[in-house]
Amino acid sequence: RRAIESHYHTVEISSLLPASVCSPSTKGHSKRPSTLKVFHRHGPCSKHSQDNATPSLDEILTHDQSRVDSIQHKINLNAEMDKVKDKKAALPVQSGRALGSGNYIVTLGLGTPKKSLSLIFDTGSDLTWTQCQPCARVCYKQQDPIFNPIASTTYSNVSCSSTRCSQLSTTTGNDPSCSTKTCVYGIQYGDQSFSIGFFSQDTLTISSSDLVPKFYFGCGQNNQGLFGNTAGLLGLGRDSLSFVSQTAQRYGKYFSYCLPSSSSSTGHLTFGKSGVSSNVKFTPFAASRGTSFYFIDIVGISVGMTQLSIRPSVFKTPGTIIDSGTVITRLPPAAYKALSTEFKKQMKKYPSVPAYSILDTCYDLSKYTTISIPKISFTFGGNVKVDLAPSGILIVINSSRVCLAFAANSDASD
Amino acid sequence: VGILGNVQQTTLEVVYDVAGGKLGFAPGGC
C-alpha cells in the first residue's frame with residue numbers, strides 16, 4: 001500500500017485554485033544576491049492583476065498555441081537555413097516568434113536614476129526591450145511609467161557601425177536598419193506582435209548592490225501586440241545579445257528560477273551560482289538547432305507506477321526545448337497518446353468531461369474536496385528523473401472542469 | 001520539437017548552467 005501511495009499525489013482541489021490574496025514564497029528570494037522575485041502576471045502578487053484586459057484561460061491557451069507554432073516555424077527555418085548554408089546559397093529569412101502569454105514577470109531597474117520596469121522573463125527569446133518615450137509611433141498601455149531615455153544620465157544609442165548592432169540579425173531574425181547613424185532593431189513575433197526602436201545601452205539594476213552597466217537593449221518606439229501591461233521583455237536565451245550572454249563575466253552564464261505553483265504565490269529568478277540547492281540533478285543540454293533555444297533530451301515518462309512504452313526515437317527525432325514562456329508542455333503525438341491513455345486509465349474513477357481548447361483529458365471534480373492523482377515523472381538524458389508537482393499535472397479551468405495539463409504537437413516531426 | 005512548458009516547471013528549481021552545458025532540476029524550489 002505504501003509503495004502504491006508513493007506513486008500518487010493526494011491533492012486538495014482548493015490547492016489547485018489561486019487564492020485572492022498573495023502569499024509570497026519564503027524560499028529563494030532575499031536569501032541570495034542577484035535574486036528577483038517572480039510572480040504570475042495575472043495573480044494577486046502582481047500589480048498588473050488589476051488589468052481589465054486579463055485574458056481568459058482559453059485566450060491564454062490560444063496565445064500559447066501561436067507561440068508554439070512560431071517556435072516550430074523558427075526551428076524548421078533554422079534547419080532549412082543549415083541546409084542552405086551547406087549548399088552555399090541564400091534564401092530570404094522571416095522571423096517568427098510568438099510571445100503569446102509570457103505569464104511570469106520580474107521587476108528590474110533601468111537607467112540612472114533607475115526606473116522600475118516589470119518585464120516578462122523568457123528563456124525562449126533573446127532580445128531584452130522596453131517601451132521608450134517619446135513612443136514615436138505606438139506604445140501600448142503599460143503599468144509602469146514608460147522609460148524616458150532623456151531622463152537617464154547613463155543612456156546612449158548604439159551606432160550602426162558597431163559589432164553589437166550587426167548581431168541583431170541573429171538575435172531578432174531581422175537585419176538592423178539605421179536612422180541618423182543610430183542602430184534600429186525590429187523584432188516580430190509569430191502572432192504578429194512586434195517591437196521596433198533604437199538599439200541602446202544603459203545601466204540595468206538587478207538589486208541595490210548589483211548593477212549591470214552598459215547593458216544592450218531595445219528602446220521600443222513602435223510596440224504592438226500581446227504584451228499585456230508589462231513594460232517589455234527580458235530575453236534569457238542563448239544568443240550573443242541575450243541577458244545571459246551579456247552578463248557572462250558577472251554571472252558565468254548561470255541562472256536559476258522557480259515558478260510558483262499558483263498565481264497567488266511568488267517564486268524567484270536568480271543570477272549566478274550562489275545559493276543553488278545541493279540536491280539539483282543535472283541533465284546535459286542536447287545539441288541545439290539555432291542560437292536561441294535550450295534543447296534537452298527526454299528519454300522516458302512514467303505515470304504512477306507505469307513506465308510508458310515510448311520508442312526513444314519519438315523524442316530523439318524532433319528534440320525538445322525548455323521554455324519559460326510556453327504555458328503547456330507539447331509532446332510528440334505518440335508520447336502524448338501514451339501519456340493521456342495511461343492517465344485516463346488511472347483516473348477512471350473520476351467523471352470525464354469534454355475537451356477544453358488544446359486540453360483533451362478533462363474531469364469534473366466538483367463533487368470532491370480531495371483527489372488522488374498519479375504522479376507523472378520525466379526522465380531526462382543522464383537518467384535524471386524529475387517528479388512533477390500536482391500543479392504541473394492538472395490545470396483548473398473552473399470548478400467542474402480540471403484538465404491534464406499537456407498537449408500534443410500536431411505532427412510527429414514537430 | 002517537444003516543448004517543456006512553464007506549467008510543468010512549477011515549484012521546481014530549474015538551474016541553467018549554460019557555460020557548463022547542463023540543466024538542473026530540484027524539487028521544492030518555491
Side-chain angles (χ1 to χ4, degrees), chain A residues 25 27-28 64 68 71-72 75 103-104 123 238 244 248 252-261 265-268 276-277 279-285 294-296 298 315 318-332 335 384 386-389 391-392 395 405-406 409 414, chain B:
Chain A
S25 169
K27 290 185 182 176
D64 204 44
V68 168
I71 287 171
Q72 307 291 6
I75 288 174
N103 288 330
Y104 292 97
T123 63
R238 294 168 45 241
V244 177
K253 290 193 172 184
Y254 199 106
F255 68 100
S256 59
Y257 58 74
C258 180
L259 307 178
S261 60
S265 55
T266 60
H268 67 89
V276 168
S277 308
N279 59 343
V280 177
K281 293 183 285 188
F282 284 98
T283 180
F285 284 124
Y294 294 101
F295 279 81
I296 51 175
I298 298 175
F315 295 115
T320 305
I321 63 167
I322 181 166
D323 179 17
S324 69
T326 295
V327 179
I328 299 293
T329 288
R330 302 313 203 271
L331 294 171
V384 169
V386 178
D387 288 342
L388 303 185
S391 55
I395 190 163
F406 289 83
N409 276 328
D414 279 349
Chain B
V1 293
I3 304 171
L4 194 63
N6 63 36
V7 164
Q8 279 65 39
Q9 299 173 44
T10 51
T11 78
L12 294 169
E13 177 141 33
V14 185
V15 182
Y16 290 69
D17 182 357
V18 182
K22 57 189 181 180
L23 179 78
F25 296 98
C30 56

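Within every chain, numbering begins at 1; the chains are lettered A, B, ... in the order of the sequence lines, protein sequences first and strands thereafter.
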* **Separation between CG of A/Leu331 and CG of B/Leu4, rounded to the nearest 0.5 Å** => 8.5 Å

* Asked: Say you draw a straight line from OH of A/Tyr294 to NZ of B/Lys22; how long is it, rounded to the nearest 0.5 Å?
  -> 15.5 Å

* **Pick from B/Leu23, B/Asp17, B/Val7, B/Leu12 with the largest number of heavy-atom pairs that fall under 4.5 Å of chain A** => B/Leu23

* Asked: Which value, rounded to the nearest 0.5 Å, describes the distance between A/Leu388 atom CG and B/Thr10 atom OG1?
  -> 8.0 Å

* Asked: For the candidates A/Ile296, A/Val280, A/Ile328, which exhibits the highest count of non-hydrogen atom pairs separated by less than 4.5 Å from chain B?
  -> A/Val280

* Asked: Of all heavy-atom pairs between B/Gln9 and A/Leu259, which one has the smallest distance, and what is that distance?
  -> CB-CD1, 4.1 Å

* Structure fact -> One option among A/Pro260, A/Ala248, A/Gly252, A/Ala335 has the most heavy-atom pairs under 4.5 Å with chain B, and it is A/Pro260

* Asked: Of the listed residues (B/Ile3, B/Val15, B/Thr11, B/Val18), which shares the most heavy-atom pairs with chain A below a 4.5 Å separation?
  -> B/Ile3

* Structure fact -> Per-residue tally against chain A (heavy atom, under 4.5 Å) across B/Gly20, B/Pro27, B/Gly24, B/Ala19 peaks at B/Gly24

* Asked: Would you call A/Thr123 and B/Tyr16 a side-chain contact if the rule is heavy atoms closer than 4.5 Å?
  -> yes

* With only heavy atoms counted, which part of A/Asp323 is less than 4.5 Å from chain B, the side chain, the backbone, both or neither? -> both

* Asked: Between B/Gln8 and A/Gly392, is there a donor-acceptor pair closer than 3.5 Å when you use the side chain of the first and the backbone of the second?
  -> yes

* **Segment of A/Phe295 engaging chain B (4.5 angstrom heavy-atom cut-off)** => side chain

* Asked: So, B/Asn6 side chain and A/Ser324 main chain: donor-acceptor pair closer than 3.5 Å or not?
  -> yes

* **Residue pair B/Gly29 / A/Cys258: nearest heavy atoms and the distance that separates them** => C-SG, 3.2 Å

* **Portion of A/Ile322 that has a non-hydrogen atom of chain B nearer than 4.5 angstrom** => both

